[in-house]
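Reviewing the structure listed below.
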Amino acid sequence: MSSYTLNPLAHARRGLVILCERGRTIRRCRAAVRRAPVRFALMVFALLLMANPSAKAQQIIRIGVIDHMEGSMARGSQLAAKHINDAGGLAGANGARFEIVVAVTSPDNMDIATANMRQADVIAVLGPSSSEALLAALPQLQDLNVPVFTTISSDTLLLQDTSGHIFRSVAQELVHSRALATYLAQSLGASRITTIQLDAASTSSLIGFASALSEVGAGLSNLLYDETGNDLGAIANQIAARQPDAVVIYGPPLLAAQSYNQLRSAGFAGVVSYSQATDPRFSSIVPTDSLPGMLVATPWSFTSSDAASQQFLWDYASAFGALPDAASAASYDAVGLLAEAYRRPGNLADNIAALRRFDGVQGVLSPGALSRGETSANVMIAEINEFGTANAVASYRGTTLNAAIRTSAATATPTAQPSPTASGYHLTIRSTYQNVRSGPGLNFDVIGQLPRGTGARVIGATADFSWLVIDFRGQWGWLAAYLVDAVGNRNLVPIILPPPSPTPPATATLAPPSFADLVIVNVYPARLTLDQQMNVNVTVANRGLAPAGPFAVATSFQPGGRYAAVNLPGLAARQQATVQLQQNLNGTTGPQSVIIVADLNDEVFEGDTGEANNRSYAYNYIADREVSNSGTWTGSSGSLDLDRNGNLDLSWSGSDLIALNGSMYLINDFTSIDDAHHDAIRPNLADASAFNASLLSNALIGFFSSEGGRGLIQVLDLGADGSLTLAYRIYR
């Protein structure tokens with residue numbers, strides 16, 4: 001038998017080649033083998049560590065969201081991803097753990113949005129929230145071959161899906177109709193109900209409501225508004241003369257607001273329901289003092305008093321400084337459903353459809369008990385108060401009353417909650433199993449687990465109540481607050497100082513893996529000007545422990561798919577550099593989202609984790625036209641030459657904003673001048689020459705000068721003394 005020996009360096013090189021060629025291209029592995037001897041030894045050790053799942057770094061998966069960066073769906077999904085990542089990451093079917101990265105792209109151009117989702121290699125997509133955008137892009141979304149969650153409640157939506165990948169993250173409209181009909185008939189005792197139909201598009205919605213009313217034994221009469229002949233005032237007088245028990249309005253917000261105002265002017269003081277009563281296009285036209293008592297059927301309300309909703313409200317407000325809405329809650333729940341389904345073997349879409357019980361913010365979600373694509377049967381009935389806020393008054397699951405929040409006529413009892421004791425504060429475990437730790441943080445040891453439904457008295461908390469303390473087997477056990485349902489008066493809970501952070505475990509004497517790790521960390525500016533050279537500054541960092549050799553940074557900018565790249569000679573370990581991508585873009589204006597790629601040609605060996613994050617940075621920007629003038633103005637009265645051509649364009653009288661020889665209109669598609677762009681200003685809508693101060697609070701205005709120039713005006717402040725502060729942007 002022959003024998004031979006290899007010196008240590010040769011052995012290291014041979015082992016590296018064998019391990020490399022099993023999972024990487026031979027060209028890259030052979031190149032790696034030719035590197036410095038010391039580095040080879042370190043890389044062999046690193047690869048051996050990677051073969052051990054316990055030593056392997058956490059990998060990344062991406063969930064795509066087709067929404068604006070500060071939209072409700074984007075924020076709800078980002079919060080859910082944070083909570084899952086903070087709890088240890090998403091668990092795969094094989095036991096591996098993954099970090100969730102949310103990739104947000106604008107819905108303004110669905111061709112670009114779906115292309116970005118494909119490029120980001122997402123496991124699922126949330127959005128868009130517009131039924132028109134979703135239906136127009138349905139083939140592209142289906143071709144992604146991943147679950148697509150939508151907050152569109154239209155009853156006919158899922159009938160158009162043949163892929164089995166479209167899921168509704170809120171209850172369908174028919175379920176809303178049944179909950180409203182049940183509330184009107186059983187809680188309010190209404191038996192004579194009149195509907196006002198303001199457009200043909202609402203026919204299917206009205207049919208569903210009529211069917212729901214017949215199920216509860218209530219009568220219905222419908223009044224159809226024909227814009228070519230009917231008079232809203234006459235319809236209102238007819239209803240006032242009949243005095244039905246309730247009126248339900250169907251149609252677009254602007255017409256609905258006019259119809260509602262006519263109803264109240266005609267003397268009808270009964271119950272009125274309109275599904276979009278909280279829409280600014282409705283509420284800005286209806287006087288606030290006439291809104292109290294109006295009913296809204298909604299998938300979720302931030303005024304809900306159940307523990308899951310209150311915790312979500314607190315977490316969302318703490319994260320974003322804003323109140324969540326129904327779309328935020330639905331998106332949060334959608335990510336939770338994805339996480340629950342992902343840990344099971346098999347097809348992800350089929351796993352979602354088979355889930356039988358998931359405790360979400362909206363309530364219990366049971367896709368497996370509903371028809372394919374439906375995930376929720378939860379609806380809240382809310383009543384608008386004197387301040388214009390819709391307060392939840394009842395919660396339904398289908399037609400079953402879960403909780404009567406403020407209705408004496410309801411007979412169902414509220415969902416049972418743990419009874420507070422002397423501490424006044426109790427918690428219930430919400431997850432399948434939750435870790436109990438020795439201190440308030442993921443760096444503290446796990447001392448045990450508690451199963452879902454376990455209740456415990458809270459005996460202490462951190463100062464910000466982000467971690468709660470219970471008596472766990474004779475010692476203090478710490479639980480993350482956002483993973484439990486808590487009830488009672490937390491003000492009675494003592495604040496407990498955390499124990500010292502645990503000492504990090506001793507590190508091995510061998511050197512750590514010395515891979516490079518290239519990541520994009522920042523890209524600016526946030527607005528690019530079309531039809532001229534633009535310079536996009538990209539900051540790329542090497543977060544690894546080894547220097548990176550030559551590599552390229554690149555992307556294809558939109559609109560137009562204009563490719564831009566820059567080559568770097570290398571980047572030292574723990575260093576970063578800023579480079580410029582240059583291009584000249586042309587096309588339509590609007591929000592865009594592209595993936596900036598580090599190490600375009602995979603020239604740098606980075607290990608699995610490093611390779612995975614090369615395509616994880618989504619650059620979100622607005623492509624816009626060149627601006628001729630912008631700024632702010634404050635005054636009690638006065639006139640402005642907005643485009644600096646010597647002619648006055650705008651005047652403020654102290655009570656009215658007047659377009660001088662021009663026209664304007666109120667924009668409802670955007671909340672800020674920073675989000676709007678040139679092509680979003682629509683000439684066909686500019687039919688007003690003046691706006692009274694009553695319409696100007698936080699208003700965004702599209703403006704056209706007498707010379708044909710267009711611009712944007714946003715009211716920043718409107719004082720009681722007639723002072724006005726506005727921002728403006730005028731395009732060339």
Heavy-atom pair of closest approach, residues [X] and [Y]:
X    : Y    : value
I701 : I667 : C-CD1, 4.0 Å
L712 : A676 : CD1-CB, 3.7 Å
D333 : F358 : O-CE2, 4.1 Å
G590 : D108 : CA-OD2, 4.4 Å

In terms of side-chain heavy atoms, does [X] have a donor or acceptor partner in [Y] at a distance below 3.5 Å?
X    : Y    : answer
Q310 : S305 : no
H678 : T589 : no
D315 : S318 : no
S154 : S131 : no
S309 : D306 : yes
D679 : T588 : no

Under 4.0 Å between a Lys/Arg side-chain N and an Asp/Glu carboxylate O for R430 and D485?
->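 Here R430 pairs with D485 in a salt bridge, since their nearest N and O are under 4.0 Å apart.
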Ion pair R168/D161, N-O distance below 4.0 Å |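 A salt bridge is absent here (no side-chain N lies under 4.0 Å from a carboxylate O).
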Decide yes or no for [X] and [Y]: does some side-chain heavy atom of the first lie under 4.5 Å from some side-chain heavy atom of the second?
X    : Y    : answer
L337 : L365 : yes
L295 : V272 : no
F167 : V148 : no
M117 : I63  : no
I384 : T389 : no
P367 : L370 : no
M73  : V102 : no
Y316 : S328 : yes

Are D350 and R372 close enough, and set up right, to give a salt bridge (charged side-chain N to carboxylate O under 4.0 Å, His left out), and what steps lead you there?
-> CA-CA 9 Å; D350 291 341; R372 177 83 182 204; 3.2 Å; yes
Can you tell me how far the [atom1] atom of [X] sits from the [atom2] atom of [Y], to the nearest 0.5 Å?
X    : Y    : atom1 : atom2 : value
L174 : S153 : CG    : OG    : 10.5 Å
L666 : L696 : CG    : CG    : 7.5 Å
L188 : L184 : CG    : CG    : 6.0 Å
S130 : M110 : OG    : CE    : 9.0 Å
S204 : E173 : OG    : CD    : 6.0 Å

Enclosure of R682 CZ (heavy-atom neighbours >12, cutoff 6.0 Å) =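 Count not over threshold, so no.
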Q160 atom CD, over 12 foreign heavy atoms within 6.0 Å | yes
Residues pairing under ring pair (Phe, Tyr, Trp, His ring centres under 6.0 Å) where one sits in residues 210-235, two or more places apart or in two chains, turn out to be none
Stepwise side-chain hydrogen bond (donor to acceptor under 3.5 Å, both in side chains) test for T194 and S221 | CA-CA 5 Å; T194 296; S221 62; 3.1 Å; yes
Establish, yes or no, whether a centroid distance under 6.0 Å links the rings of Y274 and Y260.
-> no
Indicate, with yes or no, if the rings of H83 and Y332 have centres closer together than 6.0 Å.
-> yes
Parallel, tilted or perpendicular for Y250 and F209, by the 30°/60° rule?
-> tilted
Please collect all salt bridge (Lys or Arg N to Asp or Glu O under 4.0 Å) contacts where either partner lies in residues 124-153, sequence neighbours excluded, each pair once.
->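 Not a single pair qualifies under salt bridge (Lys or Arg N to Asp or Glu O under 4.0 Å).
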Going through the checks in order, is the side chain to side chain contact (heavy atoms under 4.5 Å, CB included) test met by T195 and L223?
-> CA-CA 6 Å; T195 55; L223 294 175; over 6 Å; no
